[in-house]
Amino acid sequence: MRDTSTNPSRGMVPPAAIEALLAQERGRFAATHPRSRALAERCEAHYLFGVPLHWMRDWPNPSTLFVQHAHGAELVCADGLHYADFCLGDTGAMFGHAPEPVARAIAQQAYHGLTCMLPTVSAADVGERLAERFGLPYWQLAMTASDANRFVLHWARAITGRPQLLVFDGCYHGAVDDTLVDRDPATGRTVRRRSVLGAVHDHPDFTRVIPFNDLGALECALADGQVAALLAEPALTNFGLVPPQPDFWEAAQALCRRHGTLLILDETHTLSTGLGGYARVHGLQPDFWVAGKAIAGGLPCAVYGFTAEVAARMQATKAAAPEGHSGIGTTLTANALALTALDAALQHLHTPQTYATMHGVANRLETGLRALLHRHALPWTVTRLGARMELQFMSETPRDADDVRRAMQPSLEASLHLFLLNRGVLLTPFHGMLLCSPVTTEAHVQRLLDAFEAWLAALDLA
Ligand code: PMP
């Protein structure tokens with residue numbers, strides 16, 4: 001039995017022990033995934049980095065894992081192995097893989113047209129359902145959350161006539177160049193995100209970055225009246241999980257209003273908070289609201305909603321602009337399949353019952369993880385946002401991206417991911433995020449908890 005008083009140096013594993021475990025687990029993966037390996041070898045010939053999207057190599061496994069099929073909260077790989085999936089396509093499959101009502105609706109629509117560049121008859125229902133579920137009267141669609149954010153930024157700058165954008169340090173809003181900037185911790189200035197390839201425009205000239213949860217910095221950034229919009233997730237979910245301080249959003253929202261800056265909430269991930277998303281659950285009133293990924297059950301589709309006042313400004317701005325390309329929209333946007341999937345998802349997935357089930361299983365996971373951390377006296381935290389939670393190698397809940405940066409242990413994290421993958425549990429590759437779907441079961445949760453405890457034991461932490 002361990003002493004349960006936590007000691008901050010516990011959880012600091014010698015790098016050599018992590019490397020040894022990683023080497024062992026890479027060998028285990030190679031031995032148990034011969035079919036995936038063979039596919040990886042074939043794909044090397046025709047795909048950059050051997051995958052159709054290079055991020056698909058950002059997993060800790062030594063060669064790509066190929067999916068045979070995914071259903072509910074499980075995925076089966078090319079070698080016939082089953083995984084309890086807590087990554088869920090990094091949220092695209094938050095409601096489970098191939099949710100039945102969406103799959104059925106897509107299959108039916110597929111025989112009646114895929115794309116026409118005209119709205120299908122379900123558009124009227126979809127508009128009403130969006131307004132009712134998310135509380136904003138006006139809507140536009142996009143194909144992906146990245147697209148939706150890019151389009152909203154065009155609108156925001158166009159209707160305010162202001163050039164600047166404000167984001168939080170550690171943000172991610174998709175492939176949106178304006179937002180791919182960082183805050184230099186030494187000077188507090190906005191700098192290019194160094195990992196971005198082929199950047200030629202000076203986005204730091206038009207984007208300001210401030211620490212999350214910092215109302216003083218927000219006030220300073222807005223003071224000159226040049227900021228068109230604050231684009232933010234209600235909680236940072238792409239740099240660890242950083243929840244807002246109590247009352248942060250109420251004050252931040254008031255500051256935005258006072259300075260004529262539009263508030264854009266990107267709820268692509270925080271939809272996990274509860275029915276209608278974080279803003280709905282907590283009574284926030286953004287000017288624009290964005291969601292993609294799971295919004296239509298995982299079929300490519302994104303939406304952005306806005307207030308009547310903003311809609312009037314958008315209409316006036318468009319009417320006053322010269323004829324021609326607006327820079328907003330893509331040909332396949334709101335195609336027949338996307339509208340159909342969205343309609344089915346709004347009726348059958350964005351429901352109180354779905355969220356109750358999803359949150360019930362997330363409660364079980366959170367309690368189980370906390371019990372293990374306590375039992376083994378580990379000074380780590382679990383941060384929770386509805387169906388989503390993050391295991392963080394730090395003793396306190398972070399307040400901003402710098403707190404997360406200080407606690408990062410990438411190889412420890414990689415060893416956890418690979419160890420669990422080898423025991424039939426998938427975690428999101430980029431961080432310690434665990435997402436529960438309405439079809440995640442107690443057995444999936446138990447599999448994760450058992451594998452987690454075995455990993456602790458393998459590193460001599462249990
Ligand atoms: N917004 C947020 C908050 C996200 O987390 C992401 C992706 N992780 C995006 C937007 C972009 O989504 P997509 O890659 O589907 O365009």
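Atoms within a ligand are numbered from 1 in the order they appear, just like the ligands themselves.
Given atom 8 (N) of ligand 1, the protein heavy atom at minimum distance is K293 NZ, 2.6 Å. Considering only non-hydrogen protein atoms, atom 12 (O) of ligand 1 sits nearest to A145 CB, 3.4 Å. Considering only non-hydrogen protein atoms, atom 4 (C) of ligand 1 sits nearest to N238 ND2, 3.7 Å. At the shortest separation from atom 11 (C) of ligand 1 among protein heavy atoms lies G174 CA, 3.4 Å. Atom 16 (O) of ligand 1 has as its closest protein heavy atom S146 OG, 2.6 Å. Nearest protein heavy-atom contact of atom 1 (N) of ligand 1 is D266 OD2, 2.6 Å.
Both cation-pi conditions hold for R423 and F419: the charged atom is under 6.0 angstrom from the six-membered ring centre and inside a 45 degree cone around its axis.
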- Under the side-chain contact (heavy atoms from CB on, under 4.5 Å) criterion, do Q68 and C77 qualify, and how do the steps go? CA-CA 5 Å; Q68 188 70 51; C77 74; over 6 Å; no
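Heavy atoms from other residues, nucleotides or ligands lying under 6.0 Å from CZ of F66 number more than 12.
At a heavy-atom distance under 4.0 Å, no atom of V290 approaches ligand 1.
Looking at E219 and R258, a side-chain N of the basic residue comes within less than 4.0 Å of a carboxylate O on the acidic one, giving a salt bridge. Ion pairing of D90 with K293 is present here, as a side-chain N (NZ or NE/NH1/NH2) and a carboxylate O approach within less than 4.0 Å. Using a cutoff of 4.0 Å between basic side-chain nitrogens and carboxylate oxygens, D184 and R192 are not scored as salt-bridged.
Atoms of ligand 1 found under 4.0 Å from any heavy atom of E233, numbered from 1 in the order shown, are 3 (C). For ligand 1, the atoms lying closer than 4.0 Å to a non-hydrogen atom of N149 are 1 (N), 10 (C). Within the listing of ligand 1, atoms 5 (O), 8 (N) sit less than 4.0 angstrom from a heavy atom of H269. In summary, the atoms of ligand 1 found under 4.0 Å from a heavy atom of T144, numbered by their order in the structure, are 16 (O).
Under the 6.0 Å cut-off for aromatic ring centres, H350 and F95 qualify, their centroids lying closer than that. Separation of the H444 and F86 ring centroids does not fall under the 6.0 Å cut-off.
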